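Heavy atoms only: backbone and side chains are in, while hydrogens, waters and symmetry mates are out. So that the names make sense, note that chain A is the first sequence line, chain B the second, and so on, each numbered from 1. Fair warning: this is a prediction, and the values are worked out from it, not measured in the lab.
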Protein chains: 2
Amino acid sequence: MGATKTEHFTDKQNAIATLAKALGHPARIAIIEYLLKVDTCICGDIVNELPLAQPTVSQHLKELKNAGLIKGEIEGNSICYCIDEKAFQKLQAYFTNISTKAENKKSNCC
Amino acid sequence: MGATKTEHFTDKQNAIATLAKALGHPARIAIIEYLLKVDTCICGDIVNELPLAQPTVSQHLKELKNAGLIKGEIEGNSICYCIDEKAFQKLQAYFTNISTKAENKKSNCC
DNA sequence: AATCTTTATCGTAATATTGCAATATTAAAC
DNA sequence: GTTTAATATTGCAATATTACGATAAAGATT
């Protein structure tokens with residue numbers, strides 16, 4: 001064993017877990033924050049910003065892209081990566097909902 | 001190699017990544033959603049709610065607790081687990097901030 | 001076309017995660 | 001005190017993740 005049993009959970013649960021998992025690494029959080037910081041999304045220097053080797057960064061970018069957190073297109077001999085708002089809006093909505101519900105049931109809880 | 005290089009990132013980045021990582025599994029999302037659903041937080045039947053063996057569920061609960069997403073106290077021969085609002089408020093604030101910033105720079109981006 | 005620059009992929013080693021059977025623990029119930 | 005019930009821990013196998021050197025790919029520069 002060792003493989004996640006995704007088939008036993010709902011699509012929505014798997015979708016949120018996939019997004020969360022992709023953000024479950026500080027390098028990928030750092031990448032997202034860098035993409036937000038720079039003005040344009042022609043970001044040819046992500047590698048120089050991170051304390052990781054180029055193949056490692058490339059791999060992290062691929063994971064973020066697979067999860068739908070960033071979009072990327074080839075642009076000459078560099079790459080245009082940028083944040084995919086929709087995914088973050090989904091996360092925002094999800095956690096807002098949880099926070100609200102948690103707040104409401106505070107009373108009859110520990 | 002293989003271990004995450006946490007020491008190279010900021011505390012805040014690591015903190016968010018830790019929370020996200022803990023939610024990066026559908027079983028743990030399902031646990032959170034179940035804890036929200038039940039009225040009180042005396043939740044002795046989480047195992048019956050999930051398609052996983054008891055030790056596996058126990059392990060997932062432990063991870064959620066370590067990450068600070070749930071609180072738990074022994075209560076007789078069952079356990080009182082419940083959501084730790086603060087962690088979810090942190091996540092809500094983080095993703096709201098990202099969404100807002102992403103929205104603002106939409107224009108000069110792909 | 002040879003070279004440079006940038007990003008991706010492959011291969012692989014180190015480590016972490018997932019899942020469960022077996023067992024331990026602990027407190028209630030009898 | 002013995003049984004029952006609920007949760008935790010241990011140990012281990014299967015799988016996934018992380019990281020990087022080596023190499024490939026592909027457009028830009030000369």
Student: Which residues pass the side-chain contact (heavy atoms from CB on, under 4.5 Å) test with B:S58, sequence neighbours left out?
Tutor: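 If we apply the side-chain contact (heavy atoms from CB on, under 4.5 Å) test to B:S58, skipping adjacent residues, the hits are B:Q54.
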Student: Would you say B:H60 places a side-chain N or O within less than 4.0 Å of OP1 or OP2 belonging to C:dT17?
Tutor: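 Looking at the OP1 and OP2 atoms of C:dT17, neither is under 4.0 Å from any side-chain N or O of B:H60.
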Student: Identify all side-chain donor-acceptor contacts of residues 61-70 of chain A below 3.5 Å with residues at least two apart in sequence or on another chain.
Tutor:
from, atom 1, to, atom 2, distance (Å)
A:E63, OE1, A:R28, NH1, 3.2
A:K65, NZ, A:G72, O, 3.4

Student: What pairs with A:F88 under ring-ring contact (aromatic ring centres under 6.0 Å, His included), at least two apart in sequence or on another chain?
Tutor: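 So A:F88 forms no ring-ring contact (aromatic ring centres under 6.0 Å, His included) with any residue.
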Student: Are any of the side-chain heavy atoms of A:I98 and B:L36 separated by less than 4.5 Å?
Tutor: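 Yes; the side chains approach each other to less than 4.5 Å.
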Student: Among all residues two or more places apart in sequence or in another chain, which pass the side-chain contact (heavy atoms from CB on, under 4.5 Å) test with A:A15?
Tutor: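 Expected list: none.
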Student: To the nearest Å, give me how far apart CG (A:L52) and C1' (D:dG21) are.
Tutor: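 Whole-Å distance recorded here is 15 Å.
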Student: Considering only heavy atoms, which members of residues 6-26 of chain B lie under 4.0 Å from some atom of DNA chain D?
Tutor: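 Going residue by residue through residues 6-26 of chain B, none turns out to have a heavy atom under 4.0 Å of DNA chain D.
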Student: Quick one: side-chain contact (heavy atoms from CB on, under 4.5 Å) partners of B:A93, sequence neighbours excluded?
Tutor: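 Not a single residue meets the side-chain contact (heavy atoms from CB on, under 4.5 Å) criterion with B:A93.
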Student: With sequence neighbours left out, write down each residue that passes side-chain contact (heavy atoms from CB on, under 4.5 Å) with B:L50, or none if nothing qualifies.
Tutor: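 Once residues adjacent in sequence are excluded, the partners of B:L50 under the side-chain contact (heavy atoms from CB on, under 4.5 Å) criterion are A:F9, B:A30, B:I31, B:I46, B:V57.
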Student: Just how far, in rounded Å, is P of C:dC20 from CG of B:L50?
Tutor: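 Atom-to-atom, B:L50 to C:dC20, this comes out as 11 Å.
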Student: Write down the distance between CD1 (B:I46) and C1' (D:dA6), rounded to a whole number of angstrom.
Tutor: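 Spelled out: CD1 on B:I46 to C1' on D:dA6 is 12 Å.
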Student: Not counting sequence neighbours, list each pair that qualifies as a salt bridge (Lys or Arg N to Asp or Glu O under 4.0 Å) and has a residue in residues 9-24 of chain B.
Tutor: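 Checked against salt bridge (Lys or Arg N to Asp or Glu O under 4.0 Å) - neighbours excluded - no pair reaches residues 9-24 of chain B.
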Student: Could you list, one pair per line, each protein nitrogen or oxygen that sits under 3.5 Å from a nitrogen or oxygen of nucleotides 8-10 of chain C, together with the distance?
Tutor:
from, atom 1, to, atom 2, distance (Å)
C:dA8, OP1, A:Y81, OH, 2.8
C:dA8, OP2, A:S58, OG, 3.0
C:dA8, N7, A:Q54, NE2, 2.7
C:dA8, N6, A:Q54, OE1, 2.9

